[in-house]
Number of protein chains: 2
Amino acid sequence: MSKVVLPSQPETTILAETFRLLGDSTRLRILFFCLEAPRSVGDIAASLDLSQSLVSHHLRLLRGARLVRGNRQAKQIFYELADKHVSDMLVDMAHHVCEESGDD
Amino acid sequence: MSKVVLPSQPETTILAETFRLLGDSTRLRILFFCLEAPRSVGDIAASLDLSQSLVSHHLRLLRGARLVRGNRQAKQIFYELADKHVSDMLVDMAHHVCEESGDD
DNA sequence: TAGACATATGAACAAGTATTGATATGTTTG
DNA sequence: CAAACATATCAATACTTGTTCATATGTCTA
């Protein structure tokens, strides 16, 4: 039941770009870190032991794909996941990986 | 509620590798094509206008990550998604992309 | 305004990877 | 066994991309 619809070409491209962005350990770590609470760039860099520059570069990509969103608070900018879609998906995928069950 | 758990380092690696594999349009097209029904390598190549070699290379990667599974049927090998986890996730993500709703 | 602090950007390099073309392995049929 | 068909592998190339270092932009305080 519930016929599956093939994504159109532009949809496939967007989907692939989203997955590609998620397909990097550094970015994933940043995302999961910001999943718990909004984090400043400096906090991300320090906590994850990454250079400030690298974090900023990755945040730019994540921002561009609307995966995260930043709010300026005086000098610092706090980043959080863009919406519930993104966070839910991340949590779901993490569960899938943890389970690693073959149900066939 | 429902506290979110940060994935451990090996889990993050596996997760990133999975996402990275999904982050390529060609592989996504192959996956969605095999989502509808088990497909032979030749069928995939012809239908998606890809070289047989390229399809085989990609299938090897997808096989390695247990995203697809192949069954030999005489000369041909029919590939299908490895399990319901994978197909559900693909369908879910496709929906997310199609919706593109900001719910905040 | 100057200086300190926080983040962003630009250029350059190294490493990874998608794609191609040629060839090898494996399977069936004559 | 040989020829034909289907898939897999190997080597080489072009391209993408993660990371670093240096520098620029933006923000607050003395």
- Taking only N and O in the side chain of B:Arg20, is any of them less than 4.0 Å away from OP1 or OP2 of C:dT17? yes
- Item | Residue closer to the 5' end of DNA chain D, A:Ser53 versus A:Gly23 (nearest nucleotide) | A:Gly23
- Query: With respect to the phosphate group of D:dA8, does any side-chain polar atom (N or O) of B:Arg63 fall under 4.0 Å of OP1 or OP2?
  - Reply: yes
- Query: Has B:Arg39 got its NZ or CZ under 6.0 Å from the middle of the six-membered ring of B:Tyr79, at an angle within 45 degrees of the ring axis?
  - Reply: no
- Side-chain contact test, heavy atoms from C-beta onward, threshold under 4.5 Å: evaluate it for B:Leu81 versus B:Leu90 and give yes or no. yes
- Item | Interatomic distance, A:Leu22 CG vs D:dG18 C1' [rounded to whole Å] | 16 Å
- Query: Rounded to the Å, how far apart are B:Arg39 CZ and D:dT7 C1'?
  - Reply: 18 Å
- Does any N or O in the side chain of B:Arg27 come within less than 3.5 Å of the main-chain N or O of B:Leu21, such that one atom is a donor and the other an acceptor? yes
- Counting N and O atoms only, with roles assigned by atom type, does the side chain of B:Glu11 sit under 3.5 Å from a partner on the main chain of B:Ser8, one being a donor and the other an acceptor? yes
- Message: Using whole Å, what does the distance between atom C1' of nucleotide D:dT19 and atom CZ of A:Arg29 come to?
- Response: 14 Å
- Going by number, which of residues 73-81 of chain A have a non-hydrogen atom under 4.0 Å from DNA chain C? A:Lys75, A:Gln76, A:Ile77, A:Tyr79
- Note on the structure: Rounded to whole Å, the CG-P distance (B:Leu50 to D:dA6) equals 17 Å
- Partner of B:Pro7 by side chain to side chain contact (heavy atoms under 4.5 Å, CB included), out of B:Thr12, B:Thr13, B:Ile14: B:Thr12
- Going by number, which of residues 54-61 of chain B have a non-hydrogen atom under 4.0 Å from DNA chain C? B:Leu54, B:His57, B:His58, B:Leu61
- May I have the distance from A:Leu62 (atom CG) to D:dG18 (atom P), rounded to whole angstrom? 10 Å
- Message: Measuring to OP1 and OP2 of D:dT19, would you say a side-chain N or O of A:Thr26 lies under 4.0 angstrom away?
- Response: yes
- Item | Nearest-Å distance for atom pair CD1/C1', residues A:Ile44 and C:dA8 | 14 Å
Identify each donor-acceptor pair in which a side-chain atom of residues 47-57 of chain B lies under 3.5 Å from a protein atom, sequence neighbours left out, and give them as a table.
from, atom 1, to, atom 2, distance (Å)
B:Ser47, OG, B:Asp43, O, 2.9
B:Ser47, OG, B:Asp43, OD1, 2.9
B:Ser51, OG, B:Leu54, N, 3.0

- With side chain to side chain contact (heavy atoms under 4.5 Å, CB included) as the test, would you mind laying out the steps for B:Ile44 and B:Cys34 before giving the verdict? CA-CA 8 Å; B:Ile44 298 173; B:Cys34 295; 3.7 Å; yes
- If only atom types and distance count, is the side chain of A:Arg60 paired as donor or acceptor with the main-chain N or O of A:Leu62 below 3.5 Å? no
- Task: Could you please spell out the steps behind the side chain to side chain contact (heavy atoms under 4.5 Å, CB included) verdict for B:Thr26 and B:His58?
- Result: CA-CA 8 Å; B:Thr26 305; B:His58 282 308; 3.6 Å; yes
- Spell out yes or no: do the side chain of B:Gln52 and the base of D:dA8 have one donor N/O and one acceptor N/O closer than 3.5 Å? yes
- Message: Can you measure B:Ile30 atom CD1 to C:dT19 atom C1' for me and round it to whole angstrom units?
- Response: 12 Å
- Item | Protein-nucleotide distance (A:Asn71, atom CG; C:dA6, atom C1'), rounded to Å | 16 Å
